[in-house]
Amino acid sequence: MRVYAITLALFAAACGRDRLAILGDAGQEPDSAPDAGSDPPDGGSLDLSTLMGLWDVDGADQRGEYAGAVEITPAGLLRTVAWKTATVEDGRVLHWAFAGTVGPKLSLQTTLDPRGFVAARGASTRSLSDAPVVVTGSATLSGGIVQATWADAHETWTNQRPSGASPIFSVDRRELPAHDPPSGDQRRALFAAFASFQALPPVQPYVARTDFQAAIHQAVTDTTDFDFYRGHPDALRVMGKPIDPISLLEARLRADAFRFPLAEKARRFDRELQSDFIDPIAPIVPDGRDASGALQPSGDAALWNATYIASQWYRYQVTGEPEALDNLARSLEAELVLQEITGDWTAFARSLRRATGAPAGGWHAAGAVEWLEGGNNDMFKGLIYALTTGFFALCDGRDHALCPRIRENVKHLADDVRVGNGEFNNLLSNWLASIALDRSLDRARYRAKAEAIWVAQKIIEKNTTLEYSQGIADWSGTHLAFVGAVTALMLAEKADLGGDASDVFHGEIERGFRSLERQRMVLWDLAGGAVQDSVSILREMPFPKALARIDHRVSPAFSLSPYPSLPWKNDWTVNDRAQSLRIYPLFELPANVYQWKSHMDYNGDTEGYRNHGVDYLHAYWFGRRLGLLSGTE
């Protein structure tokens with residue numbers, strides 16, 4: 001992958017230790033560096049090389065006593081402190097870091113920009129018009145000790161020593177082009193096609209921006225403070241911003257992403273799902289919990305529930321933990337009910353919920369639960385994925401109590417269900433029946449059906465790839481394609497149709513990965529063997545998921561894309577199809593039920609809404625099953 005990286009270091013020059021004076025004779029090499037502890041000459045022509053290096057800091061302000069370090073380099077000042085008793089959020093130690101300048105007569109100054117990606121928290125708000133906050137201070141040097149003030153803070157600098165090889169803190173935020181630049185003809189054609197989108201009032205403020213006009217979408221990575229949070233899991237460090245409820249939340253989301261190893265996040269997401277989100281009456285993956293704590297069902301539960309079932313099969317294959325099979329069986333039984341509850345084997349439900357006593361909007365009563373009508377192509381992919389992984393987990397060499405129902409439902413899926421992408425779905429259902437059914441004659445009969453479908457279908461699959469161009473793709477469709485291809489590969493391990501089904505689907509996955517490899521889509525990165533990218537993305541997922549009102553439009557760095565999402569729907573003048581020009585890190589994105597189904601988001605409100613981590617579990621355990629994740633990341 002060609003990488004164009006923009007590393008934003010708070011003081012990049014500090015790493016090089018340029019010998020440039022901060023004041024006075026700027027650009028001139030000092031004659032010599034004074035001994036540590038010597039005092040500079042008096043007056044406005046201070047030789048600030050006397051202050052160069054690292055200092056220990058002890059001070060106090062209205063929050064209490066703090067300690068830390070100050071580093072003075074030719075580029076300016078870096079300061080990071082931690083309060084000894086002040087805690088924030090859920091009892092975490094408060095840290096603060098910022099960059100500043102040293103002016104004449106040791107005047108101090110820093111500029112803190114409050115604007116990030118959280119738009120509001122409670123009564124606190126952010127807007128694009130918010131001005132950066134300037135904080136000034138002063139310092140005096142006497143006897144090798146500095147006395148400094150910052151607003152209401154008073155501190156002492158001692159123990160001067162040379163700077164280390166790296167700054168005491170830095171920002172590592174990079175932008176990598178998600179595609180090659182458009183040709184002149186391509187750009188003109190796209191801008192003409194979407195002129196009515198660019199004319200929309202919400203889009204107009206961005207049209208004149210250079211990055212908008214360049215039309216090169218970017219993937220943003222940000223590993224700032226990763227090592228800090230791994231070393232200080234009970235800390236929050238606000239960096240380059242005033243300390244207030246919003247900056248604390250932004251720091252917390254980063255901390256919640258980085259402070260736990262991947263395996264620990266998986267354990268926590270799984271415990272949380274079982275204890276807080278799976279209803280024992282309707283044990284199917286929900287959407288989340290609202291501000292009142294009420295469980296909200298998902299209209300697409302057949303698919304999200306299937307990914308959880310798959311995650312537990314992968315987990316069991318890696319760890320052998322019986323708990324994984326127990327979790328799988330409970331959720332698989334709910335998936336089976338989706339077929340059984342409608343009373344019509346040709347139609348299946350999308351979701352289940354505990355009975356409300358007042359079903360409406362497509363929900364139907366069925367004793368202690370209610371079911372949602374409208375099973376479609378997307379939900380079929382969930383059923384086939386769940387039945388495939390469930391069969392291999394519980395019935396292939398085992399004899400779980402659910403196996404007779406699994407086999408019955410597999411047979412009806414092949415015989416009775418005709419929905420969505422007909423031939424591919426028929427291929428998968430007959431293929432599974434040729435493996436899962438009890439009687440050898442039945443298996444042979446469905447194998448013959450699957451082989452007959454494969455003759456024509458493999459021509460389609462050989463020429464199928466995921467389409468991505470200039471920031472435009474069917475993001476939800478990329479997930480469905482992944483589920484379908486992975487299901488086919490699992491089936492091919494048992495019955496390689498035509499002797500080439502495995503090769504064909506491996507080729508399809510490779511082409512899909514190559515099409516999407518710069519988009520930071522973790523499932524496809526794992527399928528394509530992009531280990532480093534996969535680890536980076538999974539590290540960005542906060543546990544717990546964000547409870548936040550996120551809107552990148554409060555930042556002056558933000559731009560919309562010049563093109564709408566899903567442009568083939570041709571409805572951008574009546575529906576909001578705006579998408580970001582940048583793909584942001586997961587800890588800067590609004591949470592949802594399944595992160596891998598969406599992309600290029602930039603705003604959303606989940607301040608009072610809890611989401612589970614089925615998406616993380618599916619990706620994590622898939623990667624562990626492939627041997628791409630070590631379990632110690």
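Reckoned from all heavy atoms, side chains included, excluding hydrogens, waters and symmetry mates.
For W621, there are no ring pair (Phe, Tyr, Trp, His ring centres under 6.0 Å) partners, not counting sequence neighbours. Annotation: ring pair (Phe, Tyr, Trp, His ring centres under 6.0 Å) contacts of H612 (sequence neighbours excluded): F277. Scanning for side chain to side chain donor-acceptor pair (under 3.5 Å) contacts around Q204 gives an empty result, with sequence neighbours left out. For W83, the ring pair (Phe, Tyr, Trp, His ring centres under 6.0 Å) partners two or more places apart in sequence, or in a different chain, are Y66. With sequence neighbours excluded, no residue satisfies ring pair (Phe, Tyr, Trp, His ring centres under 6.0 Å) with Y229.
If you run side chain to side chain contact (heavy atoms under 4.5 Å, CB included) between L248 and each of L253, I243, V118, only I243 comes through.
A salt bridge links R577 with D571: the closest approach of a Lys/Arg side-chain nitrogen to an acidic carboxylate oxygen falls below 4.0 angstrom.
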Next on the checklist: Between H599 and S565, does the side-chain contact (heavy atoms from CB on, under 4.5 Å) criterion hold? Intermediate values first, please.
Outcome noted: CA-CA 10 Å; H599 221 46; S565 65; over 6 Å; no
Checklist entry - Passes ring pair (Phe, Tyr, Trp, His ring centres under 6.0 Å), F482 versus W596? Steps please. => result CA-CA 11 Å; F482 172 86; W596 322 135; over 10 Å; no
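For the pair R268 and F260, the cation-pi test (distance below 6.0 Å, angle within 45°) is passed.
Ring geometry, H217 versus Y563: the interplanar angle falls from 30° to 60°, so the pair is classed tilted.
Listed by first and then second residue, the salt bridge (charged side-chain N to carboxylate O under 4.0 Å, His left out) pairs involving residues 580-594 are R173-E588, E175-R582, D211-R582 (not counting sequence neighbours).
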